[in-house]
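Please read these numbers as outputs of a predicted model, since none were measured by experiment.
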2 protein chains.
Amino acid sequence: MKVALLGAGNVGAEVARTLLDHGPEFAARVGAPVELIGIAVRDLAARRTVELPEELLTTDAEALVDAADVVIELTGGIEPARSRILRALHAGKPVISGNKALIARHGRQLQDAADAAGVPLSYEAAVAGAIPIVRPMQDSLAGDRVDRVLGIMNGTTNYILDQMDTTGAQFDDALAEAQKLGYAEADPTADVEGHDAAAKAAILASLAFHSTFTIDDVYCRGITGVTAADVAAAREAGYVIKLLAVCERCPGGVNLRVTPTMIPREHPLAGVHGAYNAVFVEAANAGSLMFYGAGAGGAATASAVLGDFVSAARRLVLGGPAQGADPHAQLAAAPMDDVRTSFSITLTVQDRLGVLARIAQVFADHGVSIFTMQQTDHPHGDPQLSEIRLVTHRGANKDLVATVDALRELPFVEEVAGVIRVEHAD
Amino acid sequence: MKVALLGAGNVGAEVARTLLDHGPEFAARVGAPVELIGIAVRDLAARRTVELPEELLTTDAEALVDAADVVIELTGGIEPARSRILRALHAGKPVISGNKALIARHGRQLQDAADAAGVPLSYEAAVAGAIPIVRPMQDSLAGDRVDRVLGIMNGTTNYILDQMDTTGAQFDDALAEAQKLGYAEADPTADVEGHDAAAKAAILASLAFHSTFTIDDVYCRGITGVTAADVAAAREAGYVIKLLAVCERCPGGVNLRVTPTMIPREHPLAGVHGAYNAVFVEAANAGSLMFYGAGAGGAATASAVLGDFVSAARRLVLGGPAQGADPHAQLAAAPMDDVRTSFSITLTVQDRLGVLARIAQVFADHGVSIFTMQQTDHPHGDPQLSEIRLVTHRGANKDLVATVDALRELPFVEEVAGVIRVEHAD
């Protein structure tokens, strides 16, 4: 399985490294050895800085395409990307692309070429980064009718609006912060004016409504006019402002728009913070669905590219998607004992001097460390008692269970209740 | 494309009705006429109550399987479902199943039979109802490494715990409420003891970790012991209790557990309310992903079944998944003018008698009705001014724009700001 990679930017370099570092795993999943035969770049000298094997770099993209079984296009822009993709498709080679500008403009032409050649054109990475949304739209919802799609499709603007909502910052300050942290580019126009989200909306709507839309079909307004006062007023009224892509059926067909939009704080999209993306789908039978994840970033987008690659390559090798378990990957079911979990425990104890020290000693004896502890004197007005609520750090499950058993044995412990596992970052 | 349906329960009846009512649409998506040739039921008499064409009902499931091109199994239980699925697979027929008990116990055997025959076995409906999670796991994440899956996989228990969290109810009262509303069955054991979630966890973990797990590999604890005091204590500490399925890589392989679990309120899973389900995936490259939707219900589960059906049938007809737009479905891009949207508008006006009436008249003149209105006297301490914030009901976008333009012309209106679209339920 010879792979040609066009482009060695942020995502391309990540794809190349993953293919080079995990060759045997990809071979197992694809059903054949996987060889990255070359990486086409515009300028050899400029790419020496990226740590990729020099012997793989080439400026002759056409020759590389001709020598490959599968082509991954991550160059961006319309030309020469379009011609190279068509060259591959016409030769019956599956193409994976993350080029949203190209797909949003010429997706239909490329898809027709792919269909004519009977090979897949995949572009999961072009819409909402790592979030699997293209495939669910194409396949999972193929027996349903989508009525509306609401999407937070741009991480930069979501970061800015989330900052404004959380800290009360003005747009300019939130943008500067986003630029400082690398969430926004030096020239943020494509993000803050909504053009990036509009391209994704056109692609997503084409899939959702089995129709062809281009970026020109999207009514688009950015967030530069959103003020701290707007955000505060929305908050007061129970709303949050998001840059929302809305694609909905209406009497005239489908309306596509990207505008700053107030949504109720109870809506699942309101809980999408920071640079995350999410797509909310309303379908006739499925009801409301939401897909959430990182909308950008080299590794996340590479994950989407490589998922498409494995699917396409498997089809080439096996004539269809392999469904079965990967025998090379068979993992055992691990018993609970050694799993590292965290417990919340509520103790009702007699209110005596030294009790807390004795309890802490029980934890220490079992090698379990305490994350948070809160003591309430005289719960339910009982002057004899005290209530202690603990959350532990992660420890071996068997040590936590033994700790609870030991606590129950203590003479001054009246009750051990509320023993519940906790998932938290520690 | 001859379709055999095994089972006419809640989901089966919905699948049958959809196939019968939307024949031409399915034909267009599949690429061939779709004919439901029969519905196998255990007892003809009992099924007369369901409004399905009597001539389609049969008790001879084997003959029905033999006559079909594709088999949809929605009977539940191990036998005779397993034998019938194997019969279809051995004969080279794609099978779609929503039978989580069977897949969680014998998924590997069935998958091996499907792989040997080179036909798809699809079971999106067996895990988290309408949520597309099987396909993303199989395909979209095929080039990534999943480290952990956290799932709210049972709607009944999520409804009960959400009620306890929102209203402070005790478990018994929340369960009774859930039963009254149809979210819980008369015998709620399979749900509240976690068995249903455990079956789904085994299926999901098998996909996520390319391995074979059965329900016996899942450590399982239900929610019957969770008290109102536990829920209150968790809330006070910034957590919410969910019945969580956790499948995570650990030194011994993969640990699978279903237990009541405290998660921080900021976690995306904490915002999953009512009977909704969600699956949160942590992958090496993709980072955090979440899939959210209805976990049960006839229509929602039927959507998953029919998505699988269309994908499998397309493969039979076209030799691969159709990727292109459906020419029969081509919808036009509808311009903004007639789209029905809602606006939020903030007006700064001179504080005079009759101003509000004049403003309301402008809305009425344009056929736009007001949803909410809030007036603040003397904003920023200015005794001459008054601030009015309005949210409209949905109206034609052009009427809303014209209303805003007309408001700007009013002599006593100092400023029209904060014009932002609103998505709300009305």
For B/Pro268 and A/Tyr292, work out which heavy atoms get closest and say how close.
-> CG-OH, 3.6 Å
Nearest-0.5 Å distance, CD1 of residue A/Ile420 to OH of residue B/Tyr239 = 12.0 Å
Heavy-atom proximity to chain B below 4.5 Å, by part of A/Ala233 | both
Does any heavy atom of chain A fall under 4.5 Å from the side chain of B/Asn255, the backbone, both, or neither of them?
-> both
Which region of B/Val339, side chain (C-beta onward) or backbone (N, CA, C, O), has a non-hydrogen atom less than 4.5 Å from a non-hydrogen atom of chain A, or is it both or neither?
-> side chain
Tell me, do A/Met262 and B/Glu423 make a side-chain contact under 4.5 Å, heavy atoms counted?
-> no
With only heavy atoms counted, which part of A/Ile133 is less than 4.5 Å from chain B, the side chain, the backbone, both or neither?
-> neither
Answer yes or no: is there a side-chain heavy-atom contact under 4.5 Å between B/Thr341 and A/Arg257?
-> yes
Quick one: what part of A/Val279 sits under 4.5 Å from any heavy atom of chain B, side chain, backbone, both or neither?
-> neither
Ranked by heavy-atom pairs below 4.5 Å to chain A, first place among B/Asp144, B/Val391, B/Thr227 goes to B/Asp144
Side-chain heavy-atom pair A/Phe291, B/Pro132 within 4.5 angstrom cut-off | yes
Given a strict heavy-atom distance threshold of 4.5 Å, which part of B/Thr18 is in contact with chain A: side chain, backbone, both, or neither?
-> side chain
Can you say whether B/Ala286 sits under 4.5 Å from chain A via the side chain, the backbone, both, or neither, judging by heavy atoms?
-> both
Quick one: are A/Arg421 and B/Val246 in side-chain contact, heavy atoms under 4.5 Å?
-> no
Heavy-atom distance under 4.5 Å to chain A: side chain of B/Leu19, backbone, both or neither?
-> neither
Indicate yes or no: at least one non-hydrogen side-chain atom of A/Leu331 is less than 4.5 angstrom from one of B/His210.
-> no
Salt bridge present between B/Glu236 and A/Arg389 (N-O < 4.0 angstrom) | yes
When the 4.5 angstrom heavy-atom criterion is applied to B/Glu387 and chain A, the contacting part is neither
Minimum heavy-atom distance B/Ile131-A/Leu289, with the two atoms named = CA-CD2, 4.0 Å
Chain B: which of A/Ala234, A/Ala270, A/Ala283, A/Pro260 shares the most heavy-atom pairs with it under 4.5 Å?
-> A/Pro260
Among B/Gly293, B/Gly307, B/Gly253, B/Ala334, residue most engaged with chain A (heavy-atom pairs, under 4.5 Å) = B/Ala334
d(B/Arg145 CZ, A/His22 NE2) to nearest 0.5 Å is 7.5 Å
Measure B/Arg249 against the heavy atoms of chain A and call it side chain, backbone, both or neither at under 4.5 Å.
-> side chain
Testing A/Arg314, A/Arg315, A/Arg29 for salt bridge (Lys or Arg N to Asp or Glu O under 4.0 Å) with B/Asp139, which one passes?
-> A/Arg314
dist B/Ser140:OG -> A/Leu306:CG (nearest 0.5 Å) comes out at 12.5 Å
When the 4.5 angstrom heavy-atom criterion is applied to A/Pro251 and chain B, the contacting part is neither
Under a 4.5 Å heavy-atom cutoff, which of B/Asp216, B/Val134, B/Thr259, B/Val30 has the most pairs with chain A?
-> B/Thr259
Relative to chain A, which segment of B/Leu269 carries a heavy atom at a distance below 4.5 Å: side chain, backbone, both, or neither?
-> neither
Under 4.5 Å heavy-atom distance to chain A, tell me which part of B/Glu266 shows up: side chain, backbone, both or neither.
-> neither
Can you say whether A/Ala294 sits under 4.5 Å from chain B via the side chain, the backbone, both, or neither, judging by heavy atoms?
-> both
Contact origin within A/Tyr276 toward chain B - heavy atom pairs under 4.5 Å | side chain
B/Ser303 side chain to A/Asn285 side chain, donor-acceptor N/O pair below 3.5 angstrom = no
A/Gly271, A/Gly225, A/Ser288, A/Gly118: which one forms the most heavy-atom pairs within less than 4.5 Å of chain B?
-> A/Ser288
Options A/Phe280, A/Phe343, A/Phe213, ranked by heavy-atom pairs under 4.5 Å with chain B, top entry | A/Phe213
If you tally heavy-atom pairs under 4.5 Å between each of A/Ala332, A/Cys247, A/Ala205 and chain B, the highest tally belongs to A/Ala332
May I ask you to say whether A/Glu124 pairs ionically with B/Arg135, meaning some side-chain N is under 4.0 Å from a carboxylate O?
-> no
